[in-house]
Asker: 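Here it is: the structure, laid out below.
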Protein chains: 2
Amino acid sequence: MQDRSSTNAFGHKLESFGALPSGDLEALAALTADAQSLGADCDLVHEGEPCDTVVVVLRGFACRYRLLAGGQRQITAYLIPGDCFGLQDGVLGMSTSAIGTLTPCTVAQVPRDALLAFGRRHPAIGQALRSAVIADEAVLQEWLVNVGRRTAYQRIGHLLCELLVRMRAIGAAQGNGYDLPLTQYDIGDTTALSVVHVNRTLQQLRGEGLIRWDRRRVEIPDPARLAAAAMFDPAYLHFEHVAAEAVGDRRLSA
Amino acid sequence: MQDRSSTNAFGHKLESFGALPSGDLEALAALTADAQSLGADCDLVHEGEPCDTVVVVLRGFACRYRLLAGGQRQITAYLIPGDCFGLQDGVLGMSTSAIGTLTPCTVAQVPRDALLAFGRRHPAIGQALRSAVIADEAVLQEWLVNVGRRTAYQRIGHLLCELLVRMRAIGAAQGNGYDLPLTQYDIGDTTALSVVHVNRTLQQLRGEGLIRWDRRRVEIPDPARLAAAAMFDPAYLHFEHVAAEAVGDRRLSA
DNA sequence: CGGATGGTTGAAACCGTTCAAAATCTGTGG
DNA sequence: CCACAGATTTTGAACGGTTTCAACCATCCG
């Protein structure tokens with residue numbers, strides 16, 4: 001499982017919504033075969049421009065974001081390996097957000113029409129793609145709740161819980177830890193907090209033993225405890241099997 | 001145009017994404033024929049429950065929201081006449097949000113399968129439904145930006161601009177005014193502000209002549225000026241023709 | 001070694017919250 | 001048509017979470 005995730009994270013992600021015929025997976029891998037490697041801070045899609053390809057992230061962290069007049073950035077979604085963007089946005093003439101890499105990435109760009117046609121020929125994939133779109137929208141809503149109604153402490157805790165579940169779903173977590181190559185600026189642009197406050201809040205979370213975050217690696221000693229502190233309920237992520245394993249069952253959290 | 005909006009707001013809304021064959025509109029009206037009248041504060045869909053119908057609002061204001069443990073409410077979308085909910089959410093077993101009325105409403109509940117099948121038989125409608133889903137997602141993203149990155153003053157101004165454009169799109173605005181039967185609590189739950197601060201911010205906006213809001217009616221004397229103050233750019237709403245009229249062109253704003 | 005990036009710390013200022021109460025509006029029944 | 005109750009809006013004052021500004025430190029890497 002872990003092996004396949006590195007060669008085709010996209011298929012692995014789609015499988016987290018339900019089993020897929022292995023033939024489908026191989027055909028899908030062919031679609032994303034010609035991937036490109038990019039450094040950090042590269043833009044793949046620009047806000048307000050037409051865009052008829054789907055961006056599939058195979059390695060690294062990318063994000064969807066909007067830039068405001070004052071130069072502020074609001075990140076509205078993370079794209080981790082297996083995630084894609086563009087099945088919807090951009091259909092009506094132009095994208096309402098930019099897509100950029102946060103870390104060095106490997107990405108494939110598939111013409112949207114080709115991917116949709118592929119989904120029609122392989123119904124299980126088509127269904128999984130629709131599921132992915134729905135799950136993305138649910139995450140977006142949860143982020144609105146996060147930014148609107150939770151304290152800095154909960155926002156960051158919640159984000160780290162979400163990432164644990166998502167990283168597990170693609171086989172990129174080891175136990176209760178995962179690599180998180182983001183800066184505190186990135187976390188601030190995601191949670192709508194200043195870097196300074198992100199830093200202090202992180203120290204608080206560390207001080208209480210809820211997280212360890214050392215040189216790009218996060219460990220969550222007791223996911224159930226962090227989830228409770230951050231009011232995190234993984235239901236919105238729509239892959240319950242993985243989610244239950246990650247935080248729902250205290251027996252698995254040590 | 002105004003006449004039809006009252007009899008079939010749903011069709012009118014879908015038309016705002018592009019012209020539709022009139023036969024389609026009539027058939028669509030039949031689908032939503034058996035509507036029900038509801039009072040304020042009625043729940044139509046509960047969070048975390050399966051839901052296989054699409055809610056179509058024909059009259060009144062409804063909303064999508066999430067309730068947190070502390071009793072706080074975050075509204076994540078408004079459903080004004082013509083808007084629908086449930087084409088996506090609920091597909092994966094359960095809804096990630098509740099739907100409730102904010103004011104007395106007339107709503108139709110259409111089985112999702114029936115609506116999707118209808119969209120297949122009437123391609124223009126199917127396309128319009130997809131457009132509506134995409135536009136909804138863009139609005140959700142904009143709300144995240146609004147709550148995350150804008151001041152109270154801008155948040156509320158932005159919301160009122162958005163509503164002007166949306167109300168115009170369904171023919172429910174008169175000039176630069178529209179009926180807004182929401183309480184300041186509702187505005188607070190939308191913009192993630194306390195009622196007290198909503199009240200003071202509203203007074204500020206009124207004091208500067210950017211809005212008038214008297215007994216459930218909002219007037220925006222100079223939409224372009226309010227849009228500038230609130231950093232509002234209607235592009236994300238995806239019906240540019242209406243949007244340009246509403247705030248893009250100063251000559252029309254008086 | 002030196003420059004750049006990212007992380008950490010302190011202090012002051014601010015935006016928005018909370019609590020508490022008063023004023024106003026709205027609808028309803030007598 | 002009035003009286004009353006509940007909902008909504010408004011006001012005041014104190015508090016506090018978060019931001020901003022301004023340094024300083026650590027680490028990485030050529």
Side-chain angles (χ1 to χ4, degrees), chain A residues 39-42 61 68 70-75 101-104 146-160 179-207 211-218 229-231, chain B residues 39-42 61 68 70-74 101-104 146-160 179-207 211-218 229-230:
Chain A
D41 299 311
C42 295
F61 271 63
L68 282 87
Q72 309 158 85
R73 175 177 67 159
Q74 177 66 51
I75 294 178
T101 60
L102 291 167
T103 71
N146 210 29
V147 166
R149 292 293 156 189
R150 293 199 254 260
T151 63
Y153 183 83
Q154 296 172 317
R155 280 183 222 182
I156 294 178
H158 194 280
L159 179 64
L160 295 177
D179 286 316
L180 185 60
L182 303 181
T183 68
Q184 296 184 359
Y185 280 93
D186 296 330
I187 304 293
D189 286 349
T190 305
T191 53
L193 297 165
S194 68
V195 208
V196 173
H197 204 55
V198 168
N199 183 278
R200 287 175 176 138
T201 306
L202 244 16
Q203 290 179 51
Q204 198 188 343
L205 285 163
R206 275 191 295 239
I211 65 166
R212 286 197 298 271
W213 185 344
D214 197 41
R215 63 195 67 195
R216 321 207 138 174
R217 179 153 191 94
V218 174
M231 308 204 302
Chain B
D41 297 313
C42 294
F61 271 63
L68 282 88
Q72 308 158 85
R73 175 176 68 159
Q74 177 66 50
T101 60
L102 291 167
T103 70
N146 209 29
V147 167
R149 292 292 156 192
R150 293 200 253 259
T151 64
Y153 183 84
Q154 295 171 318
R155 282 183 220 180
I156 294 178
H158 194 279
L159 179 64
L160 295 177
D179 285 315
L180 186 60
L182 304 181
T183 68
Q184 296 183 5
Y185 279 93
D186 296 330
I187 303 293
D189 287 348
T190 306
T191 53
L193 297 165
S194 68
V195 208
V196 174
H197 203 55
V198 168
N199 183 277
R200 286 177 175 136
T201 306
L202 244 17
Q203 289 178 50
Q204 197 187 342
L205 286 163
R206 275 191 296 238
I211 64 167
R212 285 196 300 270
W213 185 344
D214 196 42
R215 63 195 65 198
R216 322 204 138 173
R217 178 151 191 94
V218 174

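A, B, ... follow the sequence lines: proteins, then strands. Residue 1 opens every chain.
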Asker: Does a sphere of radius 6.0 Å around CZ in B:Arg217 hold more than 12 heavy atoms from other residues, nucleotides or ligands, not counting ones at 6.0 Å or beyond?
Answerer: yes
Asker: How many whole angstroms separate atom CD of A:Gln72 from atom P of D:dT18?
Answerer: 17 Å
Asker: Contact class for B:Thr201 vs. all strands (heavy atom < 4.0 Å): base, sugar-phosphate, or nothing?
Answerer: nothing
Asker: Any idea which of C:dT9, C:dG7, D:dT11 is nearest the A:Val196 side chain?
Answerer: C:dT9
Asker: If we only count heavy atoms from C-beta on, is the B:Leu180 to B:Leu160 side-chain gap below 4.5 Å?
Answerer: yes
Asker: Please report the closest heavy-atom contact between A:Arg206 and A:Trp213, naming both atoms and the distance.
Answerer: NH1-O, 3.5 Å
Asker: Take atom CG of A:Leu193 and atom C1' of D:dT20, then tell me their distance rounded to the nearest Å.
Answerer: 14 Å
Asker: Between A:Gln203 (CD) and D:dA26 (P), how many Å, whole number?
Answerer: 14 Å
Asker: Specify the separation, in whole Å, of atom CD of A:Gln204 and atom C1' of D:dG16.
Answerer: 14 Å
Asker: What nucleic acid atoms does B:Ala40 come within less than 4.0 Å of, heavy atoms only: base, sugar-phosphate, or nothing?
Answerer: nothing
Asker: Looking at the side chain of A:Arg215, which of D:dC28, D:dT11, D:dT20 is the nearest nucleotide?
Answerer: D:dC28
Asker: Give a yes/no answer on whether the side chain of B:Arg206 brings an N or O atom under 4.0 Å of OP1 or OP2 in D:dT10.
Answerer: yes
Asker: Measure distances between side-chain N and O atoms of A:Arg200 and base N and O atoms of C:dG10, and say whether any donor-acceptor pair falls under 3.5 Å.
Answerer: yes
Asker: Hey, what do you get for CD1 (A:Ile187) to CZ (A:Arg155), rounding to the nearest 0.5 Å?
Answerer: 13.0 Å
Asker: Would you mind reading off the distance between B:Asn199 atom CG and C:dT17 atom C1', rounded to a whole angstrom?
Answerer: 14 Å
Asker: Round to a whole Å and report the spacing from CG of A:Asp214 to P of C:dT8.
Answerer: 10 Å
Asker: What is the distance from NE2 of B:His197 to C1' of C:dT18, rounded to the nearest Å?
Answerer: 13 Å
Asker: Would you mind telling me which of D:dT9, C:dT26, C:dG16 lies closest to the side-chain atoms of B:Gln184?
Answerer: D:dT9
Asker: Quick one: which of A:Thr190, A:Ile75, A:Asp189, A:Leu102 gives a side chain to side chain contact (heavy atoms under 4.5 Å, CB included) with A:Leu182?
Answerer: A:Leu102
Asker: Whole angstrom is fine here: how far is it from CD1 in A:Ile156 over to P in D:dG17?
Answerer: 15 Å
Asker: Choose from C:dG16, D:dT20, C:dG7 the nucleotide whose nearest atom is closest to any side-chain atom of A:Thr183.
Answerer: C:dG7
